[in-house]
*Asks:* 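This is the structure I want to talk about, given as structure tokens.
Values below: every heavy atom of this structure, side chains too, minus hydrogens, waters and symmetry copies.
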Amino acid sequence: YHLAVTIGGLTPETTVKTAKLASAGALDGLPAAPSPAGHAYRDLDWERRTQALCRETGLGMQFGGRHFAFETRVVRLPRHAGSVPVAIAVSCNAHRQIRGQITERGAFLERLERNPARFLARHDSLVFPSVPRINLDQSMNEIVAALSRCPAGARVELDGTLIVARDIAHARLKSMMDAGKELPAWFREHPVYYAGPAKTPTGRPTGSFGPTTAQRMDRYVPEFMRQGASRVMLAKGNRDDAVRKACRSFRGFYLATIGGAAALVADRNIVSSEVVDFADLGMEAVRRIRVKNLPAFVVFDSRGRSLY
């Protein structure tokens with residue numbers, strides 16, 4: 001994230017607005033010291049201290065687990081003597097920070113790099129000369145056997161059928177299991193993708209379709225795996241150590257795919273999408289999708305090893 005903290009302000013609304021602007025980089029040009037006139041300024045000492053606090057949480061975004069905030073901004077504002085409003089705002093790093101400016105001469109947008117791939121050749125760790133393709137249209141044991149040849153950290157490409165289910169669907173599945181009902185066959189026979197699509201445009205198989213943060217489903221995994229479900233999971237972000245241990249105990253895998261590129265993934269990698277259960281949940285209904293060349297990384301493997 002980009003994390004911003006505003007301390008002070010003559011109204012709570014001003015404090016919150018300033019935090020939001022700071023989280024988007026709009027106030028980076030503020031002076032780094034206070035003035036006798038009481039102007040807003042960046043508190044560089046507290047920016048360093050806030051960055052350290054973020055590191056100490058142990059939380060991380062996407063494939064992280066080490067870095068919660070890419071950068072922090074702390075802005076101090078003049079305030080009334082009787083109150084010190086404080087606002088905290090976060091902005092996802094996926095917004096990419098393209099900058100625009102509107103002046104009396106017109107509207108101007110920053111020109112961005114049009115060929116970012118030219119930088120990859122400098123980093124051997126980002127080059128994958130041969131990427132294993134995992135056929136998802138085979139038995140779960142065969143899928144697990146194929147993934148077992150890929151250590152934690154390996155990049156793979158996925159082809160075939162995924163079941164899409166996230167928060168509310170998982171809660172309902174847990175309720176079914178607690179009531180003594182058998183988990184649906186689709187949940188045991190296919191890998192599960194934690195995601196939810198946007199509205200489907202005309203002529204497309206699906207709308208924008210990207211992974212959601214996996215940690216919200218962590219509490220379900222050990223028991224679902226014990227019942228033969230969730231043995232291969234796809235989402236984004238780090239997970240609780242109990243999930244890693246469950247992968248080791250039940251020969252399971254947790255894979256992560258790319259966040260922040262949901263529209264591109266929907267266009268290039270998703271062939272079809274249909275609701276198969278829990279239709280009343282709307283965008284959180286259970287779907288069956290078919291994917292081709294979907295990029296992913298092995299985060300936890302069946303030996304309990306971790307990308308982190």
Side-chain angles (χ1 to χ4, degrees), residues 60 62-66 117 120-121 123-165 183 185-195 209-215 217-218 220-259 261 265 268-271 288-308:
Q62 302 284 18
F63 299 108
R66 301 172 184 167
L120 294 182
H123 302 282
D124 293 340
S125 63
L126 297 178
V127 178
F128 299 89
S130 62
V131 180
R133 301 176 72 86
I134 306 299
N135 175 18
L136 304 179
D137 290 329
Q138 52 186 337
S139 72
M140 184 55 65
N141 285 335
E142 290 172 315
I143 295 172
V144 167
L147 286 170
S148 296
R149 295 189 284 271
C150 306
R155 177 183 166 187
V156 297
E157 288 190 351
L158 307 178
D159 290 292
T161 303
L162 287 166
I163 286 295
V164 179
L183 290 172
W186 46 256
F187 197 40
R188 298 191 307 272
E189 294 171 357
H190 301 290
V192 59
Y193 183 22
Y194 304 159
F209 213 138
T212 195
T213 303
Q215 284 180 320
M217 270 57 73
D218 284 359
Y220 302 112
V221 171
E223 189 59 33
F224 282 171
M225 279 196 173
R226 191 172 287 108
Q227 301 297 322
S230 286
R231 287 184 62 196
V232 176
M233 302 160 286
L234 180 68
K236 70 177 182 181
N238 204 348
R239 310 197 69 170
D240 188 83
D241 198 51
V243 176
R244 183 186 63 81
K245 292 177 179 177
C247 288
R248 183 178 59 195
S249 297
F250 302 105
R251 293 187 64 232
F253 283 84
Y254 166 52
L255 313 178
T257 188
I258 309 299
V265 168
R268 293 189 179 182
N269 303 110
I270 298 181
V271 177
R288 179 187 292 113
I289 65 172
R290 289 189 57 79
V291 299
K292 64 176 182 179
N293 307 330
L294 181 65
F297 292 83
V298 178
V299 179
F300 297 161
D301 66 15
S302 58
R303 299 182 183 180
R305 295 176 299 191
S306 169
L307 168 65
Y308 304 116

*Asks:* Holding to side chain to side chain contact (heavy atoms under 4.5 Å, CB included), I want the full list of residues that pass it with Arg305, two or more places apart in sequence or in another chain.
*Replies:*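 Checked Arg305 against side chain to side chain contact (heavy atoms under 4.5 Å, CB included); matches are Pro151, Ala152, Asp301, Arg303.
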
*Asks:* Decide yes or no for Tyr194 and Pro211: does some side-chain heavy atom of the first lie under 4.5 Å from some side-chain heavy atom of the second?
*Replies:*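 Tyr194 does not reach Pro211 side chain to side chain.
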
*Asks:* Hey, does Val144 have a side-chain heavy atom less than 4.5 Å from the side chain of Arg231?
*Replies:*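 Heavy-atom side-chain distance check passes, below 4.5 Å.
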
*Asks:* Output the distance between atom CG (Leu255) and atom CG (Leu147), rounded to the nearest 0.5 Å.
*Replies:*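 One finds 5.5 Å between CG of Leu255 and CG of Leu147.
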
*Asks:* Return yes if some donor-acceptor pair links the side-chain N/O of Arg133 with the main-chain N/O of Asp159 below 3.5 Å, else return no.
*Replies:*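 Answer holds: no.
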
*Asks:* Please answer whether the main-chain N or O of Asp240 pairs with a side-chain N or O of Asp218 as donor and acceptor at a distance below 3.5 Å.
*Replies:*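 Flag set: sc Asp218 to bb Asp240 pair under 3.5 Å.
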
*Asks:* How long is the straight-line distance from CD of Glu223 back to CZ of Arg226, given to the nearest 0.5 Å?
*Replies:*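 Taking CZ in Arg226 and CD in Glu223, the distance rounds to 5.0 Å.
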
*Asks:* Could you give me the CA-CA distance, side-chain angles and deciding distance for Leu136 and His190, then say whether side-chain contact (heavy atoms from CB on, under 4.5 Å) is met?
*Replies:* CA-CA 7 Å; Leu136 304 179; His190 301 290; over 6 Å; no

*Asks:* If I take atom CE from residue Met225 and atom CE from residue Met233, how far apart are they, to the nearest 0.5 angstrom?
*Replies:*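 It comes to 3.5 Å.
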
*Asks:* Have Arg251 and Asn141 got a donor and an acceptor in their side chains that come within less than 3.5 Å?
*Replies:*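 Short answer, no.
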
*Asks:* Measure the spacing between CG of Leu307 and CZ of Phe297 and express it to the nearest 0.5 Å.
*Replies:*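 Rounded to the nearest 0.5 Å, the CG-CZ separation comes to 8.5 Å.
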
*Asks:* Which value, rounded to the nearest 0.5 Å, describes the distance between Ile289 atom CD1 and Leu162 atom CG?
*Replies:*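 CG of Leu162 is found 5.0 Å from CD1 of Ile289.
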
*Asks:* I need the minimum non-hydrogen distance between Thr161 and Pro191, along with the two atoms involved.
*Replies:*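 Here Thr161 and Pro191 meet closest at O-CD, 3.8 Å.
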
*Asks:* Side chains of Arg188 and Leu183, heavy atoms from C-beta outward: is any pair under 4.5 Å?
*Replies:*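 Yes, close enough: below the 4.5 Å cut-off.
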
*Asks:* Check Ala195 against Gly210 and note the closest heavy-atom contact, atom names and distance.
*Replies:*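 In terms of heavy atoms, the two residues are closest at CB-O, 3.3 Å.
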
*Asks:* Determine whether Val164 and Phe209 make a side-chain contact, defined as any pair of heavy atoms from C-beta on separated by less than 4.5 Å.
*Replies:*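 A side-chain contact exists here, since the closest heavy-atom pair is under 4.5 Å.
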
*Asks:* So if I apply the side chain to side chain contact (heavy atoms under 4.5 Å, CB included) rule between Thr257 and each of Leu158, Leu294, Asn269, which one comes out positive?
*Replies:*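 Answer to the side chain to side chain contact (heavy atoms under 4.5 Å, CB included) test with Thr257 among Leu158, Leu294, Asn269: Leu294.
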
*Asks:* So Met217 and Val192, do their side chains get closer than 4.5 Å, heavy atoms only?
*Replies:*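 Contact flag for Val192/Met217 side chains = no.
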
*Asks:* Applying side chain to side chain contact (heavy atoms under 4.5 Å, CB included), can you list everything that pairs with Ser306, at least two apart in sequence or on another chain?
*Replies:*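 With neighbours one apart ignored, the set is Arg244, Phe300, Tyr308.
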
*Asks:* Could you check whether any side-chain heavy atom of Phe253 comes within less than 4.5 Å of a side-chain heavy atom of Cys247, counting everything from C-beta outward?
*Replies:*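 Contact flag for Phe253/Cys247 side chains = no.
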
*Asks:* Kindly indicate whether the side chain of Arg290, heavy atoms from C-beta on, has any atom under 4.5 Å from the side chain of Asp137.
*Replies:*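 Yes, close enough: below the 4.5 Å cut-off.
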
*Asks:* May I ask you to check whether over 12 heavy atoms, not counting those of Arg268, lie within 6.0 Å of atom CZ?
*Replies:*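 Check fails, neighbour count at 12 or below.
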
*Asks:* Would you mind reporting whether Lys236 and Thr213 have side-chain heavy atoms less than 4.5 Å apart?
*Replies:*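 A side-chain contact exists here, since the closest heavy-atom pair is under 4.5 Å.
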
*Asks:* State the CG-OH distance between Asn238 and Tyr254, to the nearest 0.5 angstrom.
*Replies:*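 Taking CG in Asn238 and OH in Tyr254, the distance rounds to 7.5 Å.
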
